[in-house]
Colleague: 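Encoded as structure tokens, here's the structure I'll be asking about.
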Amino acid sequence: MSKLFRAVILGPPGSGKGTISERVASCFGLQHLSSGDFLRENIAAKTEAGVLAKTYIEKGALVPDHVMTRLMLPRLEEMTRHSWLLDGFPRTLAQAEALNSACELDVVISLNIPLETLKERLRHRWIHPASGRVYNMFFNPPRVQGVDDISGEPLIQHEDDKPEALVARLRHYKDVAKPVIDLYRAKGILHMFSDTETDRIWPYVSSLLSAKIPTDLADAQRAT
Ligand code: G5P
């Protein structure tokens with residue numbers, strides 16, 4: 001059997017991790033594992049982790065490391081026969097170390113997006129607090145303004161997505177992410193992409209993965 005391929009995508013809120021991950025999944029056949037999606041599934045199912053995580057997500061804060069690792073590592077163990085791209089995990093050094101002890105990564109993609117661009121994207125972000133579903137008033141608006149598509153309940157804006165709090169939160173992200181980025185740089189697997197537009201970053205990500213993913217593996221993944 002071919003060697004499996006394991007990648008991580010890092011980036012601040014609004015940096016385009018989800019958008020690029022979906023393109024990677026459809027072009028290269030990797031499984032897209034999103035920590036935000038796992039959290040939202042757990043919130044919807046009202047699991048113990050979901051109930052706890054909701055209180056942090058509502059505030060725009062990071063969910064504690066022990067909750068995240070307890071949630072993510074068993075999911076990865078279920079994926080031992082698949083190649084995957086992990087989106088949104090790890091976010092802290094403690095999470096990166098836990099991931100390190102569970103598996104070996106081939107590539108880490110890091111999105112470096114200017115602060116002004118992130119501010120512009122996030123200030124239009126609204127969420128449905130009960131489910132954690134996220135909307136952007138320009139790029140993925142709800143069908144009816146201000147209302148969740150599925151439940152019909154009102155959307156709210158994170159206190160932290162309001163302009164006053166946003167800069168502090170994005171700086172906090174940078175501080176927490178720096179040791180994670182340093183760790184992967186030291187391992188020689190970090191690839192950083194800087195631009196204001198996902199469409200301009202994508203061709204570089206695509207050619208990196210074309211070079212790194214063995215051809216027989218890419219064919220096999222696409223066939224499944
Ligand atoms: P998530 O779900 O991981 P965030 O906040 O990290 O959420 P988000 O908002 O989902 O990230 P993203 O995935 O980086 O952003 O980016 P995206 O969704 O692709 O794009 C953001 C928006 O910009 C979209 O509307 C998109 O259409 C638009 N866009 C993309 N590219 C472009 C472009 O080129 N131009 C323009 N104009 N627009 C574009 O996590 C949710 C919460 O869960 C918790 C945290 O509380 C987190 O806030 N959490 C964790 N906590 C602790 N540890 C972890 N590991 C955690 N993981 C999740």
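Whatever order the structure lists them in is the order used to number ligands and atoms, beginning at 1.
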Colleague: Which residue and atom name correspond to the protein heavy atom nearest atom 33 (C) of ligand 1, and how close is it?
Modeller: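 Going by distance alone, atom 33 (C) of ligand 1 is nearest to Arg121 NH2, 3.2 Å.
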Colleague: Could you tell me if any non-hydrogen atom of Glu120 lies under 4.0 Å from any atom of ligand 1?
Modeller: no
Colleague: Using a strict cut-off of less than 4.0 Å between a Lys/Arg side-chain nitrogen and an Asp/Glu carboxylate oxygen, indicate whether Lys17 and Asp87 qualify as a salt bridge.
Modeller: no
Colleague: Just to confirm my output: which protein heavy-atom neighbour is closest to atom 46 (O) of ligand 1, and how far is it?
Modeller: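 The answer is Ala61 O, 2.6 Å.
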Colleague: Any atom of ligand 1 sitting under 4.0 Å from a heavy atom of Gly14?
Modeller: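 It does; at least one heavy atom falls under 4.0 Å.
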Colleague: Is there a heavy atom in Met72 that sits closer than 4.0 Å to ligand 1?
Modeller: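 It does not; every heavy atom stays at 4.0 Å or beyond.
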Colleague: At less than 4.0 angstrom from any non-hydrogen atom of Gly88, what atoms of ligand 1 do you find?
Modeller: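 Every atom of ligand 1 under 4.0 Å from some heavy atom of Gly88: 54 (C), 55 (N), 56 (C), 57 (N).
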Colleague: For Val134, state whether at least one heavy atom is located under 4.0 Å from any atom of ligand 1.
Modeller: no
Colleague: Go through it in stages, so that I can follow the logic: the residues are Glu22 and His32, the test is side chain to side chain donor-acceptor pair (under 3.5 Å), and I'd like the CA-CA distance, side-chain angles, deciding distance and then a yes or no.
Modeller: CA-CA 7 Å; Glu22 278 166 26; His32 172 201; 4.9 Å; no
Colleague: Any heavy atom of Pro12 closer to ligand 1 than 4.0 angstrom?
Modeller: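 Checking ligand 1 against Pro12, which is what was asked, there is a heavy-atom contact under 4.0 Å.
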Colleague: Using 4.0 Å as the upper bound for N to carboxylate O, is an ion pair formed by Asp182 and Lys178?
Modeller: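 Yes, Lys178 and Asp182 are salt-bridged.
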Colleague: Give the residue and atom name of whichever protein heavy atom lies nearest to atom 28 (C) of ligand 1, and the separation in Å to one decimal.
Modeller: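 Going atom by atom, the protein heavy atom closest to atom 28 (C) of ligand 1 ends up being Phe139 CD1, 3.8 Å.
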Colleague: Look only at the side chain of Tyr135 and the backbone of His124, and say whether a donor-acceptor pair between them is shorter than 3.5 Å.
Modeller: no
Colleague: For atom 43 (O) of ligand 1, which protein heavy atom lies nearest, and how many Å away is it?
Modeller: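 Protein heavy atom with the smallest distance to atom 43 (O) of ligand 1: Leu39 CD1, 3.4 Å.
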Colleague: Just which atoms of ligand 1 are under 4.0 Å from any heavy atom in Glu197?
Modeller: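 Taking each heavy atom of Glu197 in turn, ligand 1 has 33 (C), 34 (O), 35 (N) under 4.0 Å.
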Colleague: Need the ligand 1 atom indices (1-based, order shown) with element for anything under 4.0 Å from a heavy-atom of Asn136.
Modeller: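 This gives 25 (O) as the contact atoms.
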Colleague: Distance to 0.1 Å, residue and atom name: give those for the protein heavy atom nearest to atom 40 (O) of ligand 1.
Modeller: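 For atom 40 (O) of ligand 1, the nearest protein heavy atom is Arg91 NH2, 3.7 Å.
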